[in-house]
Amino acid sequence: QSALTQPASVSGSPGQSIAISCTGSSSDIGTYKYVSWYQQHPGKAPRLLLYEVSNRPSGISSRFSGSKSGNTASLTISGLQAEDEADYYCTSFGSSPVFGGGTKLTVL
Amino acid sequence: EVQLVESGGGLVQPGGSVRLSCAASGFTFSSFYMTWIRQAPGKGLEWVAHIKEDGSAQHYIDSVRGRFTISRDNAMKSLYLQMNSLRAEDTAVYYCVRDSGWYRFEYWGHGTLVTASS
């Protein structure tokens with residue numbers, strides 16, 4: 001199974017913007033538009049943030065946006081808030097379902 | 001409102017078995033792939049298995065193939081995971097998840113903890 005690579009951690013101050021990358025291969029992100037992002041707070045179940053690269057489900061703030069270039073997808077969070085401190089995971093349609101290793105976001 | 005409620009987790013000895021259940025409500029259960037995703041303590045998310053809408057096809061991660069069996073009962077709106085020959089590395093919170101298409105894991109249960117330990 002292919003792996004998706006994310007940075008282990010990122011940080012930012014309230015009000016700033018940050019980006020989290022998710023690097024795959026031509027077998028997944030590079031070929032398909034079906035990239036999803038998930039947010040998980042400690043002790044909670046993950047929730048879907050973005051699907052099909054940049055689409056937000058109902059109820060998700062417009063501060064969350066997504067993009068894709070080549071084999072890399074990115075999640076951008078603008079106007080950072082304390083409540084954004086969480087773990088973030090990406091996944092992509094491909095040969096078989098696999099998640100990125102997760103990125104811990106710290107709001108300073 | 002979509003709801004997924006898991007049950008059946010607990011402490012199991014290595015080599016033992018356990019069956020997880022997931023009760024679904026608030027959507028047409030028979031119209032969606034259903035998935036089990038797990039998370040070991042302090043670790044990331046790991047897709048475990050999924051099953052086609054009518055139950056005719058199942059796929060598994062390599063590490064559980066031959067030991068775990070995913071099944072569903074569309075009349076009862078329920079998803080199951082039979083876990084045999086459990087290993088310490090199977091210890092995790094197991095989530096029941098609705099796949100809304102193309103690995104879009106849209107709805108998650110609260111999870112149930114399985115601990116394989118003596």
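Residue numbers start from 1 in every chain, and the chains themselves are labelled A, B, ... in the order their sequence lines are given, proteins ahead of strands.
- Contacts of Trp108(B) with chain A are made by side-chain atoms alone, with heavy-atom separations under 4.5 Å and no backbone atom involved.
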Given Gln39(B) and Gln40(A), is the side-chain contact (heavy atoms from CB on, under 4.5 Å) satisfied, shown in steps? CA-CA 11 Å; Gln39(B) 186 170 36; Gln40(A) 186 180 33; 2.8 Å; yes
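- A donor-acceptor contact shorter than 3.5 Å is absent between the side chain of Tyr51(A) and the backbone of Gly101(B).
- Of the atoms belonging to Tyr38(A), it is side-chain heavy atoms, and not backbone ones, that fall under 4.5 Å from chain B.
- Nearest heavy atom pair, residue Gly109(B) against residue Ala45(A), reads O-CB, 3.3 Å.
- Cluster annotation: Phe27(B) and Tyr80(B) are assigned to distinct hydrophobic clusters (Ile/Leu/Val/Met/Phe/Trp/Tyr, side-chain heavy-atom contacts under 4.5 Å, transitive).
- Considering all non-hydrogen atoms of both residues, Leu48(A) and Arg104(B) come closest at CD2-CG, 4.0 Å.
- Minimum interatomic distance between Tyr95(B) and Pro46(A) (heavy atoms only, all atoms of both residues): CZ-CD, 3.9 Å.
- At a threshold of 4.5 Å between side-chain heavy atoms, the hydrophobic network of Ile, Leu, Val, Met, Phe, Trp and Tyr places Phe29(B) and Tyr107(B) in one connected group.
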Ring pair (Phe, Tyr, Trp, His ring centres under 6.0 Å) between Phe105(B) and Phe99(A), worked out: CA-CA 11 Å; Phe105(B) 303 119; Phe99(A) 287 90; 5.7 Å; yes
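- Connection of Met34(B) to Val93(B) is established within a shared hydrophobic cluster, with ILVMFWY side chains joined at heavy-atom distances below 4.5 Å, either directly or through further cluster members.
- Placement of Trp36(B) and Val2(B) within a single hydrophobic cluster is found when ILVMFWY residues are connected by side-chain heavy-atom separations under 4.5 Å, directly or transitively.
- Taking every heavy atom of both residues into account, Gly94(A) and Tyr103(B) meet most closely at N-CE1, 3.8 Å.
- Criterion: ILVMFWY side-chain heavy atoms under 4.5 Å apart, direct or through other members. Under it, Val18(B) and Val64(B) are part of a common hydrophobic cluster.
- Contacts between Lys33(A) and chain B at a heavy-atom distance below 4.5 Å are absent for every atom of the residue.
- Summarising the geometry, atom CD1 belonging to Ile37(B) is positioned 7.5 Å from atom OG1 belonging to Thr91(A); distances are rounded to the nearest 0.5 Å.
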